[in-house]
Amino acid sequence: MITQRPKGTQDWYGENMHKRTIIEEIARKICKVYNIKEIITPVFEHTILFQRGVGETTDVVQKEMYTFEDKGNRSITLKPEGTAGAVRAYLENSLYAESQPTKLFYITQAFRYENPQSGRLRQHHQFGVEFLGSHSPLAEVELITLLNEFIKELGLKGAKLHINSIGCKECRKVYNEALLSYLKQHEDHLCGTCKERMTKNPLRVIDCKVPACKEIVKDAPRTVEYLDDECKDHFEELQKLLKELDIQFEIDTGIVRGLDYYTKTVFEFVNAEGFTLCGGGRYDNLVHEIDEKHDIPAVGFGFGIERIINELEAEGVELAKEPNVDLYIGILGQEAKAAAYRLVRKLRSEGLIVETDFMDRSVKAQMKYANKISARYSMIIGANEVANNTANIKNMTTGEQQEVALDKVLEVL
Ligand code: HAM
């Protein structure tokens, strides 16, 4: 038990860690050119933030949150997603008072007590962007464009954009009535949770994962049929812009998203099997719901890093390999240690990846090790090399050796 990690969690090291680093580097690089600034919010927040923000009737709040009382009797929750915390920080730090829009990105862990399976963990990681302050569908276009570039740079081919509109509060009222009357006809076959939330928030039944509910939902009324003029115009303008910009998309009226804050546009990138890789949408009421003094529109997305890694593997995409060690500097004899290490330090300061002996191995074992770590070159530094200021440098691929002055090593490499 003591050497076992909790179910649904993962250790990051070696190949996986390298992949994650590259994914994060690509995300950061793209956010930089989109002028999106990084934000880091706490791993835990007051529980009420998620209850209010994500929504009382969502699976996330009802079943999946890691909530506990701290020693001061406050109810605290490990963040199940990144949006609510980012919006809280936007309000608390008066970012709305700066010239708008505010564009923020985060790379965060998130915690959900889910049934662990492929692509569903209890601690997962998301690259997310929140774009606050704009009503324009061009804000959605900005995020979708960014995502397309991100996906392209990763080398993924199978991710497709699906969009839908779930309307605003006003359209939702009319839609909810229609949905409720449909659900009532099938109430007996709904799962217990859906029976309960059907009257409180019927939209949540649409994304229930229970197969019997999914079957019923197939023929349920769709939100797009109930959009008011403003929401319809918004959705149409978005589609027009996407077409004008040659951005491929499909309308999927089945997408409603699992969190309560969404309004108008919702979108997902799904793989060839229809599995969601990334989800997002507009949330024009969330700021107001968290702090009623403000009414600020917003749109954002979250992309699961573990799901990216799974998808890269499924599609057979290789990310750039970890760079090899440029030079292994072996040490011969105690008296050469400091001189050898001085050289290690100097070459590292010039940007080379240099490794040396920390295990007091024999010269033969050191060479074996240099081979094992795939060092491109190796050399041995002993008292003679230090006295003559020269050493033999060996190309580990060809086996060729050449004598080099210790202050000219960089030139050979
Ligand atoms: P979400 O759809 O709940 O949305 O999660 C976003 C992404 O996180 C998913 O598409 C998936 O890639 C990944 N993800 C979610 N849950 C898990 C899990 N248990 N294990 C592994 N990966 C997971 C949100 O969280 C919203 N905050 C996105 C957003 C930002 N909407 C607007 N702004």
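In each ligand, atom 1 is the first atom listed, and ligand 1 is the first ligand listed. Computation of the quantities below employed the complete heavy-atom set of this structure, encompassing side-chain atoms and omitting hydrogens, waters and symmetry-equivalent molecules.
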S.K.: Apply the ring-ring contact (aromatic ring centres under 6.0 Å, His included) test between F301 and each candidate in Y106, F127, F269; give the one that qualifies.
M.R.: F127

S.K.: Within the 4.5 Å heavy-atom criterion, are Q62 and T193 side-chain neighbours or not?
M.R.: yes

S.K.: Between Y262 and ligand 1, find which residue part has any heavy-atom pair under 4.0 Å and reply side chain, backbone, both or neither.
M.R.: side chain

S.K.: Identify whether NZ of Lys or CZ of Arg in R122 sits under 6.0 Å from the centre of the six-membered ring of Y113 and within 45° of that ring's axis.
M.R.: yes

S.K.: Should one rank E311, R307, Q123 by closest heavy-atom distance to atom 9 (C) of ligand 1, which comes out on top?
M.R.: R307

S.K.: What's the shortest distance from atom 13 (C) of ligand 1 to any protein heavy atom, and which residue and atom give it?
M.R.: G304 CA, 3.6 Å

S.K.: Taking both backbone and side-chain atoms of V129, is any N or O found less than 3.5 Å from an N or O belonging to ligand 1?
M.R.: no

S.K.: Closest heavy-atom contact between E311 and N271?
M.R.: OE1-ND2, 3.0 Å

S.K.: Applying a heavy-atom cut-off of 4.0 Å, say which part of E130 lies close to ligand 1: side chain, backbone, both or neither.
M.R.: side chain

S.K.: Pick one of side chain, backbone, both or neither for how L259 approaches ligand 1, counting any non-hydrogen atom pair under 4.0 Å.
M.R.: side chain

S.K.: Considering only non-hydrogen protein atoms, determine which one is nearest to atom 30 (C) of ligand 1 and report residue, atom name and distance to 0.1 Å.
M.R.: T83 OG1, 2.9 Å

S.K.: Could you identify the single nearest non-hydrogen protein atom to atom 6 (C) of ligand 1 and state the distance to 0.1 Å?
M.R.: G302 O, 3.3 Å

S.K.: Who's closest to atom 26 (C) of ligand 1 heavy-atom-wise, of Y106, Y283, F301, Y261?
M.R.: Y261

S.K.: Please report the C-alpha distance between R112 and V60 in whole Å, then the side-chain angles of each, then the deciding distance to 0.1 Å, and finally whether the side chain to side chain contact (heavy atoms under 4.5 Å, CB included) criterion is met.
M.R.: CA-CA 7 Å; R112 297 184 189 178; V60 169; 4.1 Å; yes

S.K.: Any heavy atom of G258 sitting closer than 4.0 Å to ligand 1?
M.R.: no

S.K.: Any idea how Y96 and H294 line up, ring-wise: parallel (<30°), tilted (30 to 60°), or perpendicular (>60°)?
M.R.: tilted

S.K.: Would you say ligand 1 has an N or O under 3.5 Å from any N or O of E306?
M.R.: no

S.K.: Under 4.0 Å, heavy atoms only, figure out whether ligand 1 is touched by the backbone of R257, its side chain, both or neither.
M.R.: side chain

S.K.: Go through the steps for I309 and N16 under the test side chain to side chain contact (heavy atoms under 4.5 Å, CB included), then give the verdict.
M.R.: CA-CA 8 Å; I309 294 177; N16 239 22; 3.8 Å; yes

S.K.: Would you confirm whether R120, through its side chain, and N115, through its main-chain N or O, come within 3.5 Å as a donor-acceptor pair?
M.R.: no

S.K.: Just to check, does G128 reach to within less than 4.0 Å of ligand 1 when the distance is taken from its heavy atoms?
M.R.: no

